[in-house]
Amino acid sequence: MTHAWRDTISLTGEQRLVRDSIRDLCSDFDAAYWREADRSETYPSEFVDALADHGWLGILVPEEYGGAGMSTSEVVVMMEEIAASGGGFSAPQAIHGGIYNSVPLVKYASEELKSELLPRVASGEASIQSFGLTEPNAGSNSTAIETRAERTDDGDAYMINGQKIWISRVDQSDYILLMARTTPQEEVEKSTRGISMFLVDLADAYEQDGLEIEAIDKTASGFVHSFEMWFSDLRVPAENLIGEEGRGFYQVLDGLNEERLVIAAECVGLGEAALERAIDYANDREVFGRPIGANQAIQHPIAEAYARVLAAKQLVYAAAEELDDTDQKDAGARANVAKYLAADAAFKAADAAVQTHGGFGVAREYDVERYFREARLTRLVPITQQLALNYLGETVLGLPRSY
Ligand SMILES: Cc1cc2nc3c(=O)[nH]c(=O)nc-3n(C[C@H](O)[C@H](O)[C@H](O)COP(=O)(O)OP(=O)(O)OC[C@H]3O[C@@H](n4cnc5c(N)ncnc54)[C@H](O)[C@@H]3O)c2cc1C
């Protein structure tokens, strides 16, 4: 995509480098590539390999461990660009975990584990694509997770038992960052305590017969597979505990705002991809002897969606840029506002694009139906729009807690 209307925000030199490099790389993966990946629900391995070959999977890994040592300001550009190139929300989602799961490792893993694993993550040789939090009985109430990790009698390991649901990219990952209770909820003062983070080697888990998985049949983001997982007496070495026992939930919260901004950037990119298609079709398609874009009923929803997408984009970029100088609470406010507005903007853009295409709005050939399915999904993940509003109502505006 080369439209000038996308490039109105001023970028730093490094952001410009990221934008131009990713734009160039993505030009090798056209609309037909993503359409086929979506139709056949096939993981876009060629695309991910191309990113890995150019070192992009290590964008957040510090230089001392072989990565690019960049920050969220650059990742938002990268992910927006991938989505806007025509990959939609699913394309950045194909690598999202691989990039963000390195963050808690950098912050909390032992030096030994970091030196062993992070260079391999940066080169694309090893992947930590999966993050396992959600459970059937917990959902949005994530501290209600029941999966247990109990220290073995010899103290050398933890035994993991429980169930997870909706865990993405397990089939494309060497490791999963798994959240499990080391102390039952009834025995902790606050529900956020007693949860720990583990690095689980998936090949070892299958070998032990300690893990079974089953893919969930879904209608959006089909080429990024999500799974139900069952853990039974899975032995995980004690050195694979990441950070402090019982503090895992706080370790997740620590990187949450950054990650949420990146999700918002992916929504912005999706909205831009949808807008581009809408604009092209509105200019090209003639009915009643003139381009349909001359009708305000077509033009205004597109222009309105553009205004919303641009507003969300400005918020995302500014919040990412100022992240280091913002306290946790303000960063949380901005990240939740950004995710909420960007998901809604993407939805409005995709809806306008479908309507603009008339009957072809549901033809796979024009891609906007895929963007629409994905835009709907962005209002559900990684947290629902309601939960983002709950955060704003309670934490920012001082309204009573609703749950
Ligand atoms: C495609 C996909 C990929 C995913 N990938 C991962 C992954 O890799 N790892 C992972 O851990 N999880 C993953 N998830 C899970 C995702 O984070 C959850 O689906 C999401 O957090 C919502 O939880 P839930 O589905 O259990 O909905 P529920 O919590 O059951 O909520 C159902 C509805 O009730 C609303 N609701 C619930 N409580 C309240 C309240 N107090 N106030 C207002 N509204 C409320 C919700 O907003 C929602 O609309 C994925 C989900 C999907 C669909």
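These numbers come from the heavy atoms of this one structure, side chains and all, not from hydrogens, waters or symmetry mates. We count ligands from 1, going down the list as the structure has it; atoms in each ligand are counted the same way.
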Which word best sums up how the rings of [X] and [Y] line up, parallel for under 30°, tilted for 30 to 60°, or perpendicular for over 60°?
| X | Y | answer |
| --- | --- | --- |
| Y306 | W5 | perpendicular |
| W34 | F29 | tilted |
| F227 | H225 | perpendicular |

Looking only at protein heavy atoms, identify the closest one to [atom] and say how far it is in Å.
| atom | answer |
| --- | --- |
| atom 48 (C) of ligand 1 | T384 CG2, 3.9 Å |
| atom 26 (O) of ligand 1 | G139 CA, 3.0 Å |
| atom 36 (N) of ligand 1 | L387 CD2, 4.1 Å |
| atom 29 (O) of ligand 1 | S140 OG, 2.6 Å |
| atom 9 (N) of ligand 1 | F131 O, 2.8 Å |

For residues 128-135, which side-chain donor-acceptor pairs fall under 3.5 Å, sequence neighbours excluded?
unit_1, atom_1, unit_2, atom_2, d
Q129, OE1, G98, N, 2.8
Q129, NE2, Y43, OH, 3.3
Q129, NE2, A94, O, 3.3
S130, OG, S168, O, 2.7
S130, OG, R169, O, 3.3
S130, OG, V170, N, 3.2
E135, OE1, E146, N, 2.6
E135, OE1, T147, N, 3.4
E135, OE2, T147, N, 3.2
E135, OE2, T147, OG1, 2.7
E135, OE2, K164, NZ, 2.8

_Nearest non-hydrogen contact with atom 15 (C) of ligand 1 belongs to which option: T134, L133, I216, V381?_
T134

*Given A220, S168, A388, S221, which has its nearest heavy atom closest to atom 3 (C) of ligand 1?*
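Looking at heavy atoms only, the winner is S168.
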
*Less than 4.0 Å between atom 32 (C) of ligand 1 and some protein heavy atom, yes or no?*
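Within 4.0 Å: no protein heavy atom nearby.
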
[X] to ligand 1: N or O pair under 3.5 Å?
| X | answer |
| --- | --- |
| W166 | yes |
| S226 | no |
| L377 | no |
| Q386 | yes |

Give the atoms of ligand 1, by number and element, whose distance to some non-hydrogen atom of [X] is under 4.0 Å.
| X | answer |
| --- | --- |
| N390 | 40 (C), 41 (N), 42 (N), 43 (C) |
| I167 | 7 (C), 8 (O), 9 (N), 10 (C), 11 (O) |
| Y403 | 41 (N) |

Under 3.5 Å side-chain donor-acceptor pair for [X] and [Y]:
| X | Y | answer |
| --- | --- | --- |
| Y175 | S127 | no |
| Y108 | D254 | yes |
| Q15 | Y317 | no |
| E112 | S115 | no |

*asked:* Would R379 pass as a cation-pi partner of F347, given that its NZ or CZ must be under 6.0 Å from the six-membered ring centre and within 45 degrees of the axis?
replied: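 R379 over F347 ring: yes.
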
_More than 12 heavy atoms from other groups under 6.0 Å of CD on E207_ =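 Atom CD in E207 is not packed in, count stays at 12 or less.
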
*Looking only at heavy atoms, what is the nearest atom pair of F198 and A180, with distance?*
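Closest approach of F198 to A180, heavy atoms only: CE1-CB, 4.2 Å.
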
*asked:* Once you restrict to heavy atoms under 4.0 Å, what part of P382 touches ligand 1? Side chain, backbone, both or neither.
replied: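 For P382, only backbone atoms sit under 4.0 Å from ligand 1.
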
*Answer with side chain, backbone, both or neither: which part of N141 has a heavy atom less than 4.0 angstrom from an atom of ligand 1?*
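Neither; no heavy atom under 4.0 Å.
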
